[in-house]
Amino acid sequence: MNIRNVQESDYDRVMEVMVEWWGGRDLRARVYQGLFLHFRQTGFIVEDARGKLMAFLLGYLSQTFAKEAYINWIGVHPGHRDQGIARILYERFFEVARAHKRNRVTCGTALENQASLRWHQHLGFSVEEKNGVYFFSREI
Ligand SMILES: CC(C)(COP(=O)(O)OP(=O)(O)OC[C@H]1O[C@@H](n2cnc3c(N)ncnc32)[C@H](O)[C@@H]1OP(=O)(O)O)[C@@H](O)C(=O)NCCC(=O)NCCS
């Protein structure tokens with residue numbers, strides 16, 4: 001398993017898997033392509049030894065809130081779940097965020113994504129329902 005920063009060419013690969021990984025929900029139009037180009041330091045790709053995509057994380061350092069970093073997307077191949085991969089990616093993101101003097105990580109998910117709600121709670125995030133989405137927050 002290899003973890004590296006995202007690059008522009010990863011966009012198409014992520015688009016190819018998203019519908020399947022999100023259980024049939026098509027959220028592709030909501031993924032800002034610029035995340036792969038302008039936010040490479042806070043985006044990660046996990047590949048297996050053959051270069052097959054296993055997981056990805058896309059996020060950024062908030063410009064508005066100087067102490068905050070935001071995780072926009074996290075996805076793990078259904079065949080590689082419950083192996084700690086998403087946790088590793090979150091930890092990697094936290095490290096970069098701390099290096100930039102951020103002490104809070106936030107993220108959000110649709111109300112229908114109950115698995116994401118439970119997962120974020122399991123990782124110690126607090127939850128608030130706001131404007132039809134779950135808003136997660138955690139000190140790092
Ligand atoms: C949510 C998701 C990213 C979790 O990835 P994962 O690699 O399976 O998670 P991990 O293995 O790192 O989980 C870490 C811990 O959470 C637990 N966990 C995993 N899925 C869970 C769930 N749905 N509810 C509660 N806990 C969960 C694991 O057992 C593990 O526990 P432990 O370390 O205390 O033993 C993955 O299920 C996924 O890609 N889902 C579809 C996309 C999605 O909904 N993304 C989130 C919204 S952007």
Side-chain angles (χ1 to χ4, degrees):
M1 184 173 111
N2 177 44
I3 304 178
R4 60 166 173 80
N5 287 104
V6 284
Q7 55 195 35
E8 218 182 343
S9 57
D10 293 317
Y11 174 76
D12 289 336
R13 299 174 69 202
V14 167
M15 291 300 106
E16 273 172 28
V17 299
M18 267 197 86
V19 177
E20 185 199 339
W21 289 16
W22 263 256
R25 292 175 65 218
D26 189 355
L27 303 174
R28 290 175 296 180
R30 297 199 207 160
V31 181
Y32 169 51
Q33 192 166 358
L35 286 170
F36 294 81
L37 176 63
H38 298 292
F39 299 89
R40 289 182 57 188
Q41 273 182 286
T42 47
F44 303 98
I45 289 284
V46 183
E47 294 165 318
D48 69 12
R50 294 173 160 189
K52 191 176 161 224
L53 188 63
M54 293 172 70
F56 67 92
L57 180 153
L58 301 167
Y60 43 84
L61 305 171
S62 175
Q63 291 193 7
T64 308
F65 305 110
K67 294 287 184 188
E68 196 169 312
Y70 186 81
I71 296 175
N72 204 173
W73 298 96
I74 174 87
V76 175
H77 186 295
H80 295 291
R81 291 189 185 158
D82 269 333
Q83 297 170 10
I85 295 176
R87 187 193 279 278
I88 290 169
L89 286 183
Y90 264 41
E91 289 295 338
R92 187 66 79 91
F93 181 87
F94 295 169
E95 273 171 35
V96 177
R98 286 188 201 105
H100 287 85
K101 302 190 182 348
R102 311 292 160 130
N103 61 16
R104 172 172 296 277
V105 166
T106 55
C107 41
T109 208
L111 298 186
E112 65 214 78
N113 197 342
Q114 291 292 310
S116 173
L117 167 68
R118 287 191 298 272
W119 186 72
H120 281 94
Q121 286 176 318
H122 186 77
L123 261 70
F125 282 80
S126 63
V127 188
E128 196 187 331
E129 201 183 313
K130 226 188 207 175
N131 304 325
V133 297
Y134 290 124
F135 179 75
F136 306 119
S137 175
R138 205 193 111 162
E139 302 287 329
I140 56 166

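On a predicted model such as this, the values are computed, not experimentally measured, just so you know. Indexing begins at 1, ligand by ligand and atom by atom, following the structure's order. Counting begins at 1 with the first residue of the sequence.
Between H120 and F125, the ring-plane angle classifies as perpendicular under the 30° and 60° cut-offs.
Those atoms of ligand 1 that come under 4.0 Å of a heavy atom in T109, given as number and element, are 47 (C). For ligand 1, the atoms sitting less than 4.0 Å from at least one non-hydrogen atom of R118 are 24 (N), 25 (C), numbered in the order shown with element in parentheses. Under a 4.0 Å criterion applied to the non-hydrogen atoms of Q83, ligand 1 contributes the atoms 11 (O).
Checking only distances, L123 never comes within under 3.5 Å of ligand 1, N or O to N or O. An N or O contact shorter than 3.5 Å is missing between N72 and ligand 1 by distance.
Separation of the W119 and Y90 ring centroids falls under the 6.0 Å cut-off.
Judged by distance alone, the side chains of S137 and R104 do bring a donor and an acceptor atom under 3.5 Å apart. H38 and Y32 are not linked by any side-chain donor-acceptor pair at a separation below 3.5 angstrom, with hydrogens and angles left out of the test. Side-chain atoms of Q114 and Y134 include a donor-acceptor pair closer than 3.5 Å.
Both I88 and M54 are assigned to one and the same hydrophobic cluster, defined by single-linkage of ILVMFWY side chains at heavy-atom distances under 4.5 Å. Linking Ile, Leu, Val, Met, Phe, Trp and Tyr whenever their side-chain heavy atoms come within less than 4.5 Å leaves F135 and L117 in two separate clusters.
Under 4.0 angstrom from ligand 1, the non-hydrogen atoms of W21 all belong to its backbone. When non-hydrogen atoms are compared, ligand 1 lies under 4.0 Å from neither the backbone nor the side chain of Q121. Residue contacts with ligand 1 for N113 involve side-chain atoms from C-beta outward but no N, CA, C or O (heavy atoms, distance under 4.0 Å).
For atom 34 (O) of ligand 1, the closest non-hydrogen atom of the protein is H122 NE2, 2.7 Å. The shortest contact between atom 6 (P) of ligand 1 and any protein heavy atom is with A86 CB, 3.7 Å. Closest protein heavy atom to atom 13 (O) of ligand 1: W119 NE1, 3.0 Å. When hydrogens are left out, the protein atom nearest atom 29 (O) of ligand 1 is D82 OD1, 3.2 Å; that is the closest non-hydrogen contact. Nearest protein heavy-atom contact of atom 33 (O) of ligand 1 is R87 NH2, 2.9 Å.
Salt bridge status for D82 with R87: absent, with no side-chain N to carboxylate O gap under 4.0 Å.
In E8, the CD atom is not crowded: 12 or fewer heavy atoms of neighbouring residues, nucleotides or ligands sit closer than 6.0 Å.
For atom 37 (O) of ligand 1, the nearest non-hydrogen atom from the set H80, M18, R81 belongs to R81. Among A110, G84, A115, G75, the residue whose heavy atom sits closest to atom 11 (O) of ligand 1 is G84. Nearest to atom 39 (O) of ligand 1 by heavy-atom distance, out of V76, L27, L57, I74, is V76.
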(message) Run the side chain to side chain contact (heavy atoms under 4.5 Å, CB included) test on R4 and D10 for me, step by step, so that the C-alpha distance in whole Å, both residues' side-chain angles and the decisive distance to 0.1 Å come before the verdict.
(response) CA-CA 11 Å; R4 60 166 173 80; D10 293 317; 2.9 Å; yes

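For atom 4 (C) of ligand 1, a protein heavy-atom neighbour is present inside the 4.0 Å cut-off.
Of the listed residues (R13, H80, H77), just one forms a side-chain contact (heavy atoms from CB on, under 4.5 Å) with L53, and that residue is R13.
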